[in-house]
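Residue numbers start at 1 and run along the sequence shown. Please read these numbers as outputs of a predicted model, since none were measured by experiment.
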Amino acid sequence: MNIKIIGSGSFIPELVIKNEHFLNHSFRDSNGNEIPNTENIIKKFKDITGIEERRYAGKDFVTSDMSAIAAEKAIMDASIDKESIDYIILAHNYGDIVAGSNQSDAVPSIAARVKHKLGIKNPKCVAYDLIFGCPGWVEGMIQANAFIKAGMAKCCLVIGAETLSRVTDPHDRDSMIYADGAGAVVVEQTDDKVGLL
């Protein structure tokens, strides 16, 4: 028995932040000293990463909002009844952070908030967060795979989401790599010769 992705969805914010946005930033080294020539820093960043722009969430969005939109699209793409979902596994780091705040709000879990926003009534649908950084979505897929292979689930919703723009240090050059968004997949068991490698 294997698992396969039967539906996917995403939410990409509309606010585009180009590299030029960082021209007026004062980047600093680990000792707090200003690093000169911001324009050169931005050019090297693009040369190394290929990144020219990123997306930031609008003021009215938090991680659970973006997650719910991506999840709804994944459920529609999978053509399933949302009440058939056994697990909602949501990978993130910082929870819901309201624009203009530096306060993380992660209780109740972001996954439970998504379950509520999707209107799922099934009390057996377990919704939990996975605090795991960059590889969080991959770990969520590994856990969904384990639940399905163990017979504990038939259908799982795995989401990766973050609003990193609200927690980055504006003086850190690495802040240019971070962005906001959400992606979701619905996975179920299959007897086909497909699945996780």
Is [Y] close to [X] at the side-chain level, that is, under 4.5 Å between some pair of heavy atoms?
X      : Y      : result
Phe61  : Thr163 : no
Ile5   : Met141 : yes
Ile12  : Met66  : no
Glu39  : Leu23  : yes
Asn122 : Ile85  : no
Asn145 : Ile148 : no
Ile88  : Ile159 : yes

salt_bridge([X], [Y]) N-O dist < 4.0 Å:
X      : Y      : answer
Arg113 : Asp105 : yes
Lys121 : Glu83  : no
Lys154 : Asp86  : no

Between [X] and [Y], is there a donor-acceptor pair closer than 3.5 Å when you use the side chain of the first and the backbone of the second?
X      : Y      : value
Thr168 : Pro170 : no
Ser104 : Tyr94  : yes
Asn31  : Asn33  : no
Asn37  : Asn40  : yes
Arg55  : Pro13  : yes
His171 : Phe27  : no
Thr63  : Gly95  : yes
Glu162 : Asn93  : yes

[atom1]-[atom2] distance between [X] and [Y], expressed to the nearest 0.5 angstrom:
X     : Y      : atom1 : atom2 : value
His25 : Asp169 : NE2   : CG    : 9.5 Å
Glu20 : Thr38  : CD    : OG1   : 13.0 Å
Lys43 : Lys46  : NZ    : NZ    : 8.5 Å
Lys4  : Lys193 : NZ    : NZ    : 15.0 Å
Asn2  : Glu188 : CG    : CD    : 12.5 Å
Asp47 : Ile51  : CG    : CD1   : 12.5 Å

_Running the 4.5 Å side-chain criterion over Ile, Leu, Val, Met, Phe, Trp and Tyr, what cluster does Val16 land in, apart from itself?_
none

*Residues sharing Val107's hydrophobic cluster, by side-chain heavy-atom contacts under 4.5 Å among ILVMFWY, directly or via others?*
none

Closest non-hydrogen atom pair, [X] against [Y]:
X      : Y      : answer
Leu157 : Leu118 : CD2-CD1, 4.1 Å
Ser26  : Arg28  : OG-NH2, 3.5 Å
Ala127 : Ser109 : O-OG, 3.8 Å
Ser64  : Val114 : O-CG2, 3.8 Å

Single-linkage hydrophobic cluster [X]~[Y], side-chain heavy atoms < 4.5 angstrom:
X      : Y      : result
Ile17  : Val62  : no
Ile120 : Leu90  : yes
Phe147 : Val126 : yes

*Is the number of heavy atoms from other residues, nucleotides or ligands under 6.0 Å of Asn24 CG greater than 12?*
no

*Counting only heavy atoms not in Glu34, do more than 12 sit closer than 6.0 Å to its CD atom?*
yes

*Residues in ring pair (Phe, Tyr, Trp, His ring centres under 6.0 Å) contact with Tyr56, at least two apart in sequence or another chain*: none

Only pairs under 3.5 Å count here: list side-chain donor-acceptor contacts from residues 172-187, not counting sequence neighbours, and write none if there are none.
{"residue": "Asp172", "atom": "OD1", "partner": "Asp174", "partner atom": "N", "Å": "2.9"}
{"residue": "Ser175", "atom": "OG", "partner": "Asp172", "partner atom": "O", "Å": "2.7"}
{"residue": "Asp180", "atom": "OD1", "partner": "Leu164", "partner atom": "N", "Å": "2.9"}
{"residue": "Asp180", "atom": "OD1", "partner": "Ser165", "partner atom": "N", "Å": "2.9"}
{"residue": "Asp180", "atom": "OD1", "partner": "Ser165", "partner atom": "OG", "Å": "3.3"}
{"residue": "Asp180", "atom": "OD2", "partner": "Ala57", "partner atom": "N", "Å": "2.7"}
{"residue": "Asp180", "atom": "OD2", "partner": "Ser165", "partner atom": "OG", "Å": "2.6"}

Side-chain donor-acceptor contacts of residues 70-80 below 3.5 Å, not counting sequence neighbours, with atom names and distances?
{"residue": "Lys73", "atom": "NZ", "partner": "Ser10", "partner atom": "O", "Å": "3.1"}
{"residue": "Asp77", "atom": "OD2", "partner": "Ser8", "partner atom": "N", "Å": "2.9"}

Listing, residues 129-140 side-chain donor-acceptor contacts under 3.5 Å, not counting sequence neighbours, or none:
{"residue": "Asp129", "atom": "OD1", "partner": "Ile110", "partner atom": "N", "Å": "3.2"}
{"residue": "Asp129", "atom": "OD1", "partner": "Ala111", "partner atom": "N", "Å": "2.8"}
{"residue": "Asp129", "atom": "OD2", "partner": "His92", "partner atom": "NE2", "Å": "2.9"}
{"residue": "Asp129", "atom": "OD2", "partner": "Ile110", "partner atom": "N", "Å": "2.8"}
{"residue": "Glu139", "atom": "OE2", "partner": "Gln143", "partner atom": "NE2", "Å": "3.3"}

*Ring center gap for Phe22 and Phe45 short of 6.0 angstrom*: no

